[in-house]
Amino acid sequence: MKEFLIGRLTRHALPHEWFTIGGTAAFVLMAVFVIAILTWTKRWRWLWNEWLTSVDPKKIGIMYFLVAGFMLVRGGLDAIMMWLQQAISVDGAHGYLTADHFQQIFTAHGNIMVFFVAMGFIFGLINYIVPLQIGARDLASPFLNTLGFWLYVAGVIMVNLFFVLGGEYAATGWLAIAPLSGIDFSPGVGVDYWIWSLQISGIGTTLGGINFIMTILKMRAPGMTLWKMPMFTWGSLCSMVMAVMVFPLLTATLFLLFFDRYFGAHFFTALGGGDPMMYTNLIWMWGHPEVYILVLPAFGVFAEVVTTFSRKRIASYTSCVLAMIGVSVFALSVWLHHFFTMGAGANVNAFFGVMTMVIAVPTSVLFLVWVATMHKGRIRFDTPMLWFLGFVAVFTIGGLAGVVLAVPPADFQLHNSLFLVAHFHSNVIGGVLFGIFAGITYWFPKITGFKLNERIGRYAFWCWIVGFCMSFIPMYILGFMGATRRLDHYESSTGYQPFYVLMLIGGIIIAIGVALQIVQVIASIIQKKRDTTGDPWDGRTLEWASASAPPFYNFSSIPQVTSRDAFWEMKQQGLPAKKYEDIHMPTNTASGIYIAAFAFLAGFAFVWHINWLVVVSIIGIIAVAIARTFNEHTEYTITAKEVKKIEEDRQAKVSAYRTKDNRPDMGLWEFIMVVLKFFLDAVRSKRWRTR
Amino acid sequence: MAHTVAAELELESHEAAADDRVMFGFWVYLMTDLLMFAVLFAVYAVLHGNTAGGPAGNELFSKPLALTETLLLLTSSFTCGLGMIAARRGNKAQVLSWFMVTFLLGLTFLGLELREFSQLIHEGHTLSSSAFLSSFFVLVGTHGLHITSGLLWMGTTLVFVKKRGLNRHMVRKLSLLSLFWHFLDIVWIFIFTVVYLMAFV
């Protein structure tokens with residue numbers, strides 16, 4: 001009976017080690033804090049109606065940012081924990097982590113950073129910016145979008161749940177290579193948590209990909225042909241096309257692994273005729289394109305940033321677009337370079353080695369176009385541009401290291417060494433993360449209506465660059481010295497330790513950079529230097545044509561596009577007069593949340609073998625889906641008159657603070673004083689006592 | 001008066017654009033589903049010889065059964081097409097009856113497949129017997145799962161067509177459903193060839 005009710009869930013699943021107790025306590029404290037604030041400010045209904053059930057891609061984008069930002073801190077802590085262990089675990093000293101725990105941490109770090117930080121931020125940017133850039137009011141399927149977001153959140157919860165129940169995460173590396181991830185070698189629930197967090201959020205990504213392809217191909221403003229699309233939209237389109245091509249492979253592969261573990265099938269087992277090498281192939285067929293899915297929208301961000309801040313057209317639009325398409329096509333045919341050492345044979349290795357080197361060609365074309373765009377431009381060095389320049393430096397080093405790794409004989413030496421780890425961190429941090437930071441800084445005034453603090457932003461940028469070099473350049477050197485990845489203990493005679501200590505110090509500097517970024521956001525909110533124009537950077541593309549922050553319908557009338565850099569053209573020829581029309585908008589829906597909640601329960605039930613809950617959740621998903629598909633009232637209309645009123649009210653509000661805000665950006669010292677004063681006032685006013 | 005006509009025209013074009021988008025998006029979805037099947041086919045192609053000492057396909061499969069299943073599914077695709085023609089003409093009674101026939105044919109197909117599975121399992125040839133059987137059960141079973149969801153979808157759609165009549169929404173739903181059904185038919189043709197026919201080559 002107990003077995004039936006709660007499956008394999010027992011008392012032993014509850015936290016009993018320092019890290020699970022600590023993690024659980026942290027989550028409980030955070031939850032209590034958030035619940036207390038919401039209840040105290042009476043915001044529950046507001047939260048549900050305005051945010052959680054919203055289908056507005058702008059609000060969903062902001063929610064993606066918040067969740068991904070939280071996960072960035074969570075994954076960053078993992079990184080610092082690993083570096084600390086490696087810096088002190090020499091000879092007789094064994095550090096503070098057990099080998100098994102160390103393995104769980106690097107697995108979690110990889111999963112979190114790729115799936116829940118990078119993917120989250122990228123989807124946030126695409127959600128917010130793409131509809132604005134193509135002159136659309138919403139997405140092709142607003143429902144699929146909220147569903148995708150909530151599936152992502154379900155994955156986020158699943159990847160953190162092992163702290164509370166189970167006490168172990170997969171100790172297999174971020175791709176759970178078989179047969180190590182099979183039930184024989186990983187009998188615990190760690191790999192099951194891994195499977196279901198990736199499975200649920202991965203299905204969300206496929207749905208998101210379908211939705212954005214529909215949106216970009218079918219909902220562009222009149223006159224915007226494919227060859228007039230802004231670069232960020234191009235990057236997003238390439239990325240989403242790749243996503244729908246490879247995420248189904250991930251879904252299928254995870255299902256097969258699940259069958260191996262749950263039903264005793266023999267797909268990837270060493271016994272029964274299974275083929276572990278097939279798992280490596282399948283997972284990398286998804287895994288390699290995945291990094292390009294992340295980096296292509298980031299490339300798009302950089303193209304936007306470099307044109308705006310060089311105040312020039314992009315040097316060669318056509319080659320930039322073709323290069324992006326080229327990168328996406330080649331990215332699908334290089335996966336085998338992740339396992340040259342597996343023994344596929346010289347000819348196969350040679351083919352994939354050459355393909356890997358070939359992909360450097362379109363990537364270099366992109367770089368050349370961006371550098372050529374800066375040539376003779378009137379460059380402004382605002383923080384988005386700084387992130388771009390940092391990206392050029394860091395990504396080039398990482399890219400060149402990648403070309404070295406693409407040569408199979410060299411790869412036999414460097415495979416699984418820290419050189420490889422340094423290579424992909426250069427590309428993912430330098431390319432994806434810096435792209436995300438550039439994009440967020442660039443579009444922050446569009447999203448919130450006020451600019452991000454430039455001064456603290458510069459401090460954060462320099463912390464990141466210095467910290468990055470300090471942690472990853474020693475890593476390249478360590479790789480050449482023979483240090484392998486996933487090393488939790490070594491002998492001092494290897495001479496590794498000074499480098500590991502340098503890496504730890506670099507990591508701490510990066511952490512200071514992240515702290516400064518949080519301070520930067522808070523300081524900007526305190527100071528609120530309003531952008532009343534909607535176009536603070538003298539932008540070129542359509543998103544700057546709408547107000548900052550845009551109204552929920554984005555554009556009161558859909559703009560007519562005649563050229564690339566549509567908004568730039570409009571500014572030259574004089575903005576068109578405002579006219580108003582009836583607007584159809586989607587109504588909010590909670591179906592996405594319900595389906596994601598049931599999907600989460602299903603995953604949870606599979607992890608713990610609670611069969612009745614599996615059945616209940618699947619029935620739940622089907623019931624909500626049927627109710628949703630046969631609901632014919634998913635839209636409402638705002639009349640032209642109402643639109644006019646909203647626009648005029650807004651105009652009145654904007655002209656109230658029309659004076660140009662010339663205050664200098666708040667410095668760190670001033671920020672500390674303001675925060676101190678706030679708390680002192682709170683104490684002095686004695687409000688806390690009377691309550 | 002003129003204003004309402006304009007508004008109606010505007011609404012009509014808005015709806016038509018939505019139809020067009022949904023149709024396109026569903027095609028993209030079908031392609032993702034096809035890729036998932038592609039993985040399962042590739043896995044079957046790699047593993048079908050790895051019988052781990054157990055029986056191979058030609059000892060387990062029955063040619064007449066597979067042929068019957070194929071004919072059932074092909075016929076159901078045909079009746080589904082007839083149902084769509086009726087839907088475009090706005091003939092509710094014909095839509096209901098043709099799709100009912102499709103539903104029954106699909107259900108029979110599913111029944112035969114389940115019987116085949118239960119027989120195999122009964123004889124001790126299960127998912128965990130060998131890599132060959134794992135890949136067989138998962139490939140064919142995934143198709144069966146799709147058929148099941150197709151039947152569920154068809155059933156609910158018919159109930160709503162009966163209740164609400166053939167409005168624009170219902171015709172859209174039916175065209176997506178028929179796309180899905182034909183898609184499953186095509187996948188089955190490949191299963192019939194790769195799994196059942198090639199076992200006897």
Side-chain angles (χ1 to χ4, degrees), chain A residues 139-141 144 203 206-207 209-215 217-219 240-241 243-253 255-256 259-260 262-269 271-275 277-279 281-282 285-286 581-582 584 622 625-627 629-635 637 639, chain B residues 6-7 10-11 14-15 17-18 20-40 42-43 46-54 126-135 137-138 141-142 149 152-153 155-157 159-160 163-164 167-170 173 176:
Chain A
L139 297 181
S141 169
L144 278 189
I203 290 172
T206 309
L207 296 178
I210 295 172
N211 198 3
F212 282 107
I213 292 176
M214 279 153 84
T215 307
L217 291 184
K218 293 280 179 186
M219 295 180 71
M240 292 296 114
V241 169
V244 300
M245 289 176 80
V246 299
F247 266 83
L249 310 191
L250 175 72
T251 307
T253 311
F255 261 119
L256 298 182
F259 267 82
D260 270 6
Y262 204 86
F263 298 112
H266 292 290
F267 289 107
F268 310 125
T269 53
L271 297 172
D275 191 345
M277 274 146 73
M278 190 167 58
Y279 180 85
N281 265 294
L282 287 174
M285 267 185 213
W286 158 81
E581 61 196 19
D582 290 0
H584 309 285
I622 294 171
I626 289 177
T629 20
F630 290 98
N631 179 0
E632 292 176 14
H633 308 286
T634 55
E635 282 197 342
T637 305
T639 60
Chain B
E10 193 266 342
L11 197 65
H14 179 73
E15 284 284 319
D20 179 44
R21 276 202 303 272
V22 170
M23 206 53 138
F24 172 68
F26 198 75
W27 271 104
V28 180
Y29 154 73
L30 286 183
M31 293 306 107
T32 64
D33 215 354
L34 196 60
L35 281 163
M36 238 175 72
F37 274 111
V39 171
L40 300 182
V43 167
V46 172
L47 296 179
H48 78 280
N50 300 7
T51 54
T126 66
L127 191 71
S128 50
S129 303
S130 69
F132 154 64
L133 279 170
S134 301
S135 57
F137 275 111
V138 169
T142 306
S149 45
L152 204 67
W153 185 8
T156 40
T157 311
V159 171
F160 279 94
K163 254 186 13 200
R164 292 184 188 167
N167 62 21
R168 174 163 217 142
H169 259 268
M170 288 305 152
K173 290 255 138 55
L176 299 185

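This structure is a prediction, so every number in the text was calculated from the model and none was measured. Note that these values count all heavy atoms, side chains included, but never hydrogens, waters or copies made by symmetry. Chain identifiers are assigned alphabetically (A, B, ...) following the order of the sequence lines, protein sequences preceding nucleic acid strands; residue numbering begins at 1 within each chain.
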Legend entry - Contacting region of A:Glu581 [heavy-atom separation from chain B under 4.5 Å]: neither
Under 3.5 Å, which donor-acceptor pairs do the side chains of residues 24-39 of chain B form with other protein atoms, sequence neighbours left out?
residue: B:Tyr29; atom: OH; partner: B:Asp33; partner atom: OD2; Å: 2.8
residue: B:Thr32; atom: OG1; partner: B:Tyr29; partner atom: O; Å: 2.5
residue: B:Asp33; atom: OD1; partner: B:His146; partner atom: NE2; Å: 3.0
residue: B:Asp33; atom: OD2; partner: B:His146; partner atom: NE2; Å: 2.8

Inset, instruction - Answer with side chain, backbone, both or neither: which region of B:Arg168 has an atom nearer than 4.5 Å to a non-hydrogen atom of chain A? - result: neither
Inset, instruction - Rounded to the nearest 0.5 Å, what's the gap from NZ on A:Lys218 to CE on B:Met23? Could you check? - result: 11.0 Å
Inset, instruction - Could you tell me which non-hydrogen atom of A:Met214 sits nearest to which non-hydrogen atom of B:Arg21, and how far apart they are? - result: CE-O, 3.6 Å
Inset, instruction - Identify the heavy atoms of B:Lys173 and A:Phe630 that sit nearest to each other, and give their distance. - result: CD-CE2, 3.9 Å
Legend entry - Interchain contact, B:Thr157 with chain A, by part (heavy-atom threshold 4.5 Å): both
Inset, instruction - Report yes if some heavy atom in the side chain of A:Asp275 is under 4.5 Å from a heavy atom in the side chain of B:Val43; otherwise report no. - result: no
Legend entry - Side chain / backbone / both / neither for A:Met219 at chain B, heavy atoms under 4.5 Å: side chain
Legend entry - A:His266 and its side-chain contact (heavy atoms from CB on, under 4.5 Å) partner, picked from B:Ser134, B:Ser129, B:Ser130: B:Ser134
Legend entry - Nearest-0.5 Å distance, CG of residue B:Asn50 to CZ of residue A:Phe267: 11.5 Å
Legend entry - Residue, of A:Ile626, A:Thr206, A:Thr629, that accumulates the most heavy atom pairs under 4.5 Å with chain B: A:Thr629
Inset, instruction - For each of B:Val22, B:Asn167, B:Thr51, B:Leu133, tally heavy-atom pairs with chain A at distances under 4.5 Å, and name the one with the top tally. - result: B:Asn167
Legend entry - Contacting moiety of A:Leu249, where chain B heavy atoms sit under 4.5 Å: both
Inset, instruction - Report, as yes or no, whether the 6.0 Å neighbourhood of atom CG on B:Leu152 holds more than 12 heavy atoms from other residues, nucleotides or ligands. - result: yes
Inset, instruction - State the CD-CE distance between A:Glu632 and B:Met170, to the nearest 0.5 angstrom. - result: 5.0 Å
Legend entry - Segment of A:Leu144 engaging chain B (4.5 angstrom heavy-atom cut-off): neither
Inset, instruction - Tell me, for A:Leu250 versus chain B, whether the close heavy atoms (under 4.5 Å) come from the side chain, the backbone, both or neither. - result: neither
Inset, instruction - Using non-hydrogen atoms and a 4.5 Å limit, figure out which bit of B:Val138 sits close to chain A: side chain, backbone, both or neither. - result: side chain
Legend entry - Heavy-atom pair of closest approach, residues A:Gly273 and B:Ala52: N-CB, 4.4 Å
Inset, instruction - Kindly compute the distance separating NE2 (B:His14) from CG (A:Asp582), expressed to the nearest 0.5 Å. - result: 11.0 Å
Legend entry - Partner residues of A:Phe263 under the side-chain contact (heavy atoms from CB on, under 4.5 Å) criterion, sequence neighbours left out: A:Phe258, A:Phe259, B:Leu127
Inset, instruction - Heavy atoms only: give me the nearest B:Ala131-A:Gly274 pair and the separation to one decimal. - result: CB-N, 3.7 Å
Inset, instruction - Please state whether the side chain, the backbone, both or neither of A:Leu271 comes within less than 4.5 Å of a heavy atom of chain B. - result: neither
